[in-house]
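The next block holds one structure in the form of structure tokens; read it before the comments.
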Amino acid sequence: MDLQDASEILREAQQRAQHELRISRPPAFVGWGLVYLVAYGAIWLSVRGQQPYQGPTGAALGFVTIFVLAALGLTAALVRRAVTGVGGPAARQQRLLYAAFPVGLAGVFLLEAALRHAGASWGVIGVYGATAPMIVTGLIYLASAVLDFDWTVFGLGGWLILAAAVSAFAGPHSVWAAAGIAGAVGFWTAAALAWRGR
Amino acid sequence: MTDDELDPVIHVAARLRIAVTLAALRDGQDLSFTRLQEIIGLTPGNLITHLRKLEEAGYVTTVKTGSGVSARTAVALTRDGRVALDNYTTVLRRLLDSAGSG
């Protein structure tokens with residue numbers, strides 16, 4: 001094997017290993033930015049004329065549910081390819097983190113039902129429904145950043161939490177637009193930074 | 001081996017591919033034998049032979065767990081293996097640079 005062959009094998013093997021064993025973050029972040037914009041935008045369109053606030057329509061909720069489930073399915077397929085055959089303590093930590101996301105979201109939606117049951121207004125439910133899933137997502141990204149020593153992901157997690165909390169002040173109608181735009185901006189900025197850092 | 005010599009254990013196409021693939025894992029991660037075989041594209045017999053060479057040099061570890069259908073052989077790059085691959089890459093770049101400028 002001469003030097004040029006070795007150099008070519010090294011380059012090709014590095015590319016193949018990255019492709020097979022790492023989740024490519026830039027396209028995933030671009031996709032989730034789009035999910036935030038479209039899903040939150042669809043809900044905002046369905047609530048913006050309501051006086052008083054009554055919550056998203058069934059059609060908007062159905063569209064958002066299908067859209068988010070499709071995005072989750074695509075993300076799961078990307079993650080599955082990257083983790084197949086990978087083991088060891090670090091891989092187990094990562095799997096626990098992935099499992100924490102649906103657990104956190106289930107808690108968010110149960111708490112939403114409990115708030116409604118306790119007599120919270122639709123306005124409060126709207127603000128909570130728009131911001132709580134974003135805060136859980138932000139926390140998962142913060143935990144992921146700690147495991148991977150990744151400042152871009154840490155920034156994204158912090159941004160999502162802060163953007164959700166600040167958007168809440170916009171009230172039950174506008175919170176959907178504010179949080180959706182802020183979420184998309186956060187993901188797309190993280191995608192650009194991750195792309196530049198490759 | 002001098003500073004200008006490529007590590008002969010790594011300087012074999014299949015073993016270079018194995019080391020580079022395992023180096024893509026994070027610290028504390030390992031890769032199953034079957035997934036490694038799928039990524040590298042070697043026959044099981046060939047992969048075992050090359051892994052044995054790398055293991056003898058202290059560059060990889062292989063750990064078998066379970067039995068029957070749940071058996072799994074985990075392959076990981078050791079700290080020495082990671083250092084050896086880094087050194088190999090540095091020496092290779094230096095040799096290519098000097099060959100280009102010569």
Side-chain angles (χ1 to χ4, degrees), chain A residues 1-26 28 76-100 140-154 194 197-198, chain B residues 4-42 61-66 70-78 85-86 88-100 102:
Chain A
M1 184 167 68
D2 69 20
L3 297 180
Q4 290 296 343
D5 288 341
S7 173
E8 185 55 30
I9 288 169
L10 190 73
R11 192 191 57 79
E12 178 260 326
Q14 276 170 339
Q15 275 183 355
R16 179 90 204 261
Q18 292 287 330
H19 176 74
E20 295 285 340
L21 300 170
R22 292 279 170 97
I23 299 163
S24 183
R25 283 193 159 138
L78 279 176
V79 170
R80 197 178 306 119
R81 196 195 61 198
V83 302
T84 298
V86 179
R92 284 195 288 278
Q93 269 180 336
Q94 220 168 16
R95 285 193 179 95
L96 278 177
L97 192 63
Y98 295 141
I140 297 291
Y141 276 118
L142 283 184
S144 168
V146 171
L147 287 183
D148 296 343
F149 303 107
D150 189 326
W151 285 105
T152 299
V153 174
F154 187 85
R198 290 202 319 176
Chain B
D4 284 337
E5 276 181 69
L6 290 166
D7 186 336
V9 177
I10 297 181
H11 192 58
V12 172
R15 293 205 282 271
L16 180 55
R17 284 197 180 95
I18 293 169
V20 169
T21 303
L22 294 176
L25 297 171
R26 293 185 173 89
D27 279 344
Q29 287 185 335
D30 57 47
L31 195 60
S32 71
F33 180 90
T34 45
R35 185 80 205 279
L36 179 62
Q37 192 203 334
E38 181 195 306
I39 294 172
I40 306 286
L42 288 176
T61 56
T62 56
V63 178
K64 244 183 188 163
T65 52
S70 65
R72 180 179 189 270
T73 300
V75 187
L77 201 63
T78 62
L85 181 63
D86 285 346
Y88 177 90
T89 310
T90 308
V91 173
L92 180 64
R93 276 206 197 106
R94 198 163 55 221
L95 290 173
L96 282 167
D97 285 347
S98 60

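In the text below, chain A, chain B and the rest are named by the order of the sequence lines, each starting its count at 1.
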Pairs involving residues 15-35 of chain B, ordered by first then second residue, that meet ring-ring contact (aromatic ring centres under 6.0 Å, His included) (sequence neighbours left out): none
Region of B/Val12 in contact with chain A, defined by heavy-atom distances below 4.5 Å: backbone
Winner by heavy-atom pair count (cut-off under 4.5 Å) against chain B, out of A/Ala13, A/Gly88, A/Ala90, A/Gly85: A/Gly85
Contacting moiety of B/Leu31, where chain A heavy atoms sit under 4.5 Å: both
Candidate pair B/Ile39 and A/Leu21, rule side-chain contact (heavy atoms from CB on, under 4.5 Å), full reasoning: CA-CA 10 Å; B/Ile39 294 172; A/Leu21 300 170; 3.9 Å; yes
With sequence neighbours excluded, residues passing side-chain contact (heavy atoms from CB on, under 4.5 Å) with B/Leu95: A/Leu3, B/Leu6, B/Val91
Which atom pairs, one donor and one acceptor, sit under 3.5 Å between chain A and chain B?
from    : atom 1 : to      : atom 2 : distance (Å)
A/Met1  : O      : B/His11 : NE2    : 3.0
A/Arg16 : NH1    : B/Ile39 : O      : 3.0
A/Glu20 : O      : B/Arg35 : NH2    : 3.4
A/Glu20 : OE1    : B/Arg35 : NH2    : 2.7
A/Arg22 : NE     : B/Ala24 : O      : 3.3
A/Arg22 : NH2    : B/Ala24 : O      : 2.8
A/Arg81 : O      : B/Arg35 : NH1    : 3.1
A/Thr84 : O      : B/Arg35 : NH1    : 2.7
A/Gly85 : O      : B/Ser32 : N      : 2.7
A/Gly85 : O      : B/Arg72 : NH2    : 2.8
A/Gly87 : N      : B/Asp30 : O      : 2.8
A/Gly87 : N      : B/Asp30 : OD1    : 3.3
A/Gly87 : O      : B/Asp30 : N      : 2.8
A/Ala90 : N      : B/Gly28 : O      : 3.1
A/Gln94 : OE1    : B/Gln29 : NE2    : 3.3

Proximity breakdown for B/Ala74 and chain A, heavy-atom pairs closer than 4.5 Å: neither
For A/Ala82, side-chain contact (heavy atoms from CB on, under 4.5 Å) partners two or more places apart: A/Ile23
